[in-house]
Q: 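A single structure is presented below for examination.
Ligands are counted one by one from 1 in listed order, and the atoms in each one are counted from 1 as well.
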Amino acid sequence: METMRKSVLYSREAIRGRVLELGEEVSSAYEGQNLVVIGVLKGAFIFMADLIRALRIPCRIDFVRLASYGSGTETSGRIELTKDIETDIAGKDVLIVEDIVDTGLTLTYLVENLQARSPRSLKVCAFIDKKLRRKVPFEADFVGFTMDDGFVVGYGLDFDEQGRFLPDVCVLNAEK
Ligand code: 5GP
């Protein structure tokens with residue numbers, strides 16, 4: 001990443017404002033329900049930490065980790081669950097919290113996997129939606145920001161494990 005230039009796409013202030021709004025949207029949707037928030041490691045960990053602190057309703061939390069085999073910045077479509085949840089989600093209201101929906105392949109796999117465990121409801125909250133890049137149709141229920149193209153780092157998102165610590169979301173630009 002040292003050889004890449006970065007420019008701020010979403011500032012920490014913009015992120016904070018949007019996450020507070022999302023917290024309100026999610027709280028209204030799950031009022032009086034049995035909410036389990038499932039974060040997708042590693043990219044969603046900061047977003048999820050901020051999102052649940054913006055809720056005004058109680059929730060349980062759990063995490064999954066997925067491996068997708070591919071090269072560079074592209075998902076191959078071959079996805080595997082490498083860390084499962086430890087919560088019984090049967091009859092519960094489950095909200096998956098993911099960093100980015102890109103091709104849609106990862107979330108299609110995860111939704112199908114969790115749906116098989118009979119939750120009462122299953123929805124997805126994505127921090128960033130790259131709507132134009134879908135390879136399979138996928139619609140997130142709650143979306144923080146929508147972007148067209150480009151590769152972003154920061155706020156938990158990495159490029160080859162670097163850049164997660166950055167408080168703003170930045171676009172990587174290849175050095176000319
Ligand atoms: P999908 O299966 O939707 O193509 O893959 C989504 C996953 O690809 C995200 O969870 C994320 O890990 C990764 N990804 C897609 N776009 C970006 C990006 O711009 N930056 C980073 N850091 N990861 C991305």
Q: Any atoms of ligand 1 less than 4.0 Å from a non-hydrogen atom of D99? List them with their elements.
A: 9 (C), 10 (O), 11 (C), 12 (O)
Q: Considering L66, L41, D149, T103, which one's heavy-atom position lies nearest to atom 4 (O) of ligand 1?
A: T103
Q: Whether D62 and K92 form a salt bridge (side-chain N of Lys/Arg under 4.0 Å from carboxylate O of Asp/Glu) is what I want to check.
A: no
Q: Once you measure the plane-to-plane angle for F145 and F127, does it fall in the parallel (<30°), tilted (30-60°) or perpendicular (>60°) bin?
A: perpendicular
Q: Would L107 count as being in polar contact with ligand 1, using the rule that some N or O on each side must be under 3.5 angstrom apart?
A: no
Q: Give, for atom OG of S68 and atom CD of E80, the distance between the pair rounded to the nearest 0.5 Å.
A: 10.5 Å
Q: Do the side chains of R16 and E13 get close enough for a salt bridge, i.e. N-O under 4.0 angstrom?
A: no
Q: With a cut-off of 4.0 Å, which atoms of ligand 1 are near a heavy atom of E98?
A: 10 (O)
Q: Identify whether the distance between the nearest side-chain nitrogen and carboxylate oxygen of R18 and E25 falls below 4.0 Å.
A: yes
Q: Below 3.5 Å, N or O to N or O, backbone or side chain included: is there any such pair between F151 and ligand 1?
A: no
Q: Quick check on contacts: which atoms of ligand 1 are under 4.0 angstrom from a heavy atom of D158?
A: 21 (C), 22 (N)
Q: Is the shortest distance from a heavy atom of G150 to ligand 1 less than 4.0 Å?
A: yes
Q: Report the part of R133 (side chain from C-beta onward, or backbone N, CA, C, O) that has a heavy atom under 4.0 Å from ligand 1; answer both or neither where that applies.
A: neither
Q: Using a 4.0 Å cutoff against the non-hydrogen atoms of L157, which atoms of ligand 1 qualify?
A: 22 (N)
Q: Would you say K130 touches ligand 1, if touching means a heavy atom closer than 4.0 Å?
A: yes
Q: Can you name the side chain to side chain donor-acceptor pair (under 3.5 Å) partners of R117, sequence neighbours left out?
A: D84, N113
Q: Salt bridge or not between E139 and K131? Use side-chain N to carboxylate O under 4.0 Å.
A: yes
Q: Pairs in or reaching into residues 43-53: which pass side-chain hydrogen bond (donor to acceptor under 3.5 Å, both in side chains), with residues at least two apart or in two chains?
A: D50-R53, D50-Y155
Q: In this structure, does ligand 1 have an atom that sits under 4.0 Å from one of the heavy atoms of G104?
A: yes
